[in-house]
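For ligands, and for the atoms within them, numbers begin at 1 and follow the listed sequence. Keep in mind that what you see is a predicted model, and the values were worked out from it rather than measured.
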Amino acid sequence: MSETAQKIHLIIKRQKDANSDPYTEEFLIPYRPNMNIISALIEIQRNPVNAKGETTTPVVWESVCLEEVCGACSMVINGKPRQACSTLIDKISQPIHLAPLTTFPVIRDLRVDRQRMFDALKRVKAWVPIDGTYDLGAGPRMPEKTRQWAYELSKCMTCGCCLEACPNVNAKSKFIGPAAISQVRLFNAHPTGAMHKEERLEALMGEGGITSCGNSQNCVQVCPKGIPLTTSIAQVNRQVTLQSFRNFFG
Ligand code: SF4
């Protein structure tokens with residue numbers, strides 16, 4: 001292997017803070033087998049020297065679990081939104097282009113603020129209410145068939161890849177996005193969570209609710225957890241329609 005072949009070539013879109021203009025900086029870092037994007041970024045952090053040999057600031061990114069569960073390390077890798085922890089250098093083409101998700105405000109470099117996703121979960125009450133903090137005993141059992149698909153929906157890690165891929169989530173739209181809609185389906189199916197079913201559905205009737213979905217179906221293609229988002233959207237759309245009839249006829 002030549003000297004160049006033993007290097008990993010990264011082209012990173014950087015930004016000093018939320019109000020600065022973005023710029024690109026290139027890095028050539030030593031290759032090791034089985035590296036992921038996070039280990040390449042750690043290498044830059046350890047030795048922040050760019051491809052021109054200039055000392056620079058370490059690239060900032062966010063990560064927590066390193067096993068595709070927390071959703072924090074989402075970024076655009078070679079044009080596709082995905083997780084930096086589960087993207088292996090050996091499996092993607094070089095040069096590797098890294099950029100922050102465009103749907104969320106940039107905090108610095110590859111780190112973004114996903115607050116709008118957590119606000120969306122609050123809007124639809126994506127939780128099972130409890131009456132106090134004392135032991136309530138075992139809850140009602142779910143039918144096994146329901147539990148199986150509900151478990152798949154519960155794998156959502158609010159990573160934001162589905163919002164990034166959706167053409168209807170942008171600065172001009174208040175669309176809540178596929179992830180929160182899928183969580184409405186999950187919590188409405190729960191025997192105790194169903195107590196807030198009407199409130200969740202009504203939250204999706206307003207501006208930026210389910211009618212803002214343009215059915216592009218991009219979300220389901222990028223979800224790293226394989227969540228059937230378009231099925232969830234169709235199911236919740238039906239629930240919202242039935243709820244609006246119920247509201248109309250009192
Ligand atoms: Fe990420 Fe999938 Fe959840 Fe969207 S639905 S936030 S892509 S895990």
Side-chain angles (χ1 to χ4, degrees), residues 36-38 61-87 92 98-107 110-128 146-171 173-190 193 200-201 203-204 208-210 212-237 239-240:
N36 60 7
I37 296 293
I38 301 282
W61 79 96
E62 188 177 13
S63 61
V64 184
C65 73
L66 304 183
E67 54 181 354
E68 208 182 68
V69 173
C70 73
C73 67
S74 304
M75 57 185 74
V76 181
I77 301 170
N78 284 353
K80 190 181 164 197
R82 53 192 300 186
Q83 305 298 289
C85 64
S86 55
T87 303
I92 56 173
L98 302 183
L101 297 179
T102 57
T103 304
F104 305 94
V106 172
I107 295 172
L110 302 170
R111 186 171 175 215
V112 296
D113 180 358
R114 289 177 295 134
Q115 186 59 41
R116 68 174 288 167
M117 293 201 76
F118 304 112
D119 291 341
L121 293 176
K122 282 192 224 162
R123 175 174 161 182
V124 298
K125 292 188 165 47
W127 57 76
V128 172
T146 308
R147 190 203 61 77
Q148 282 181 10
W149 63 254
Y151 178 66
E152 295 306 314
L153 306 194
S154 75
K155 290 181 184 169
C156 177
M157 51 186 177
T158 51
C159 68
C161 290
C162 55
L163 272 72
E164 178 75 9
C166 175
N168 287 19
V169 177
N170 54 57
S173 142
K174 292 192 172 160
F175 181 35
I176 196 165
I181 296 173
S182 188
Q183 292 304 294
V184 168
R185 183 182 175 212
L186 171 66
F187 285 96
N188 283 1
H190 188 278
R200 290 194 197 97
L201 297 176
L204 289 179
I210 197 158
S212 299
C213 171
N215 200 25
S216 73
Q217 312 205 4
N218 289 2
C219 54
V220 73
Q221 292 176 38
V222 298
C223 176
K225 306 308 272 188
I227 294 172
L229 291 165
T230 44
T231 308
S232 286
I233 293 168
Q235 293 278 339
V236 174
N237 200 20
Q239 292 180 24
V240 168

Checklist line | Under-2.8 Å protein N/O/S neighbours of atom 1 (Fe) of ligand 1, ordered by chain then residue number | finding: Cys159 SG
Notebook entry, point to check: So, for Cys223 and Leu229, which heavy atoms are closest and what is the spacing to 0.1 Å?
Noted result: CB-CD1, 4.0 Å
Note to self: Walk me through whether Gln217 and Asn215 qualify under side-chain hydrogen bond (donor to acceptor under 3.5 Å, both in side chains).
What the structure shows: CA-CA 5 Å; Gln217 312 205 4; Asn215 200 25; 3.2 Å; yes
Margin query: If we check side-chain hydrogen bond (donor to acceptor under 3.5 Å, both in side chains) with Asp119, which of these qualifies: Arg123, Arg116, Gln115?
Written below: Gln115
Notebook entry, point to check: Closest approach of Leu121 and Ala180, non-hydrogen atoms and distance?
Noted result: CD2-CA, 4.3 Å
Notebook entry, point to check: Which ligand 1 atoms are under 4.0 Å away from a heavy-atom of Leu229?
Noted result: 5 (S)
Next item on the list: Give a yes or no on whether the backbone of Gln83 and the side-chain of Thr87 come within a donor-acceptor separation of less than 3.5 Å.
Entry: yes
Checklist line | Any Met117 heavy atom less than 4.0 Å from ligand 1 | finding: yes
Checklist line | Nearest heavy-atom neighbours spanning Cys213 and Ile233 | finding: SG-CG2, 4.0 Å
Notebook entry, point to check: Where do Cys73 and Ile38 come nearest, in terms of heavy atoms and distance?
Noted result: CB-CD1, 3.9 Å
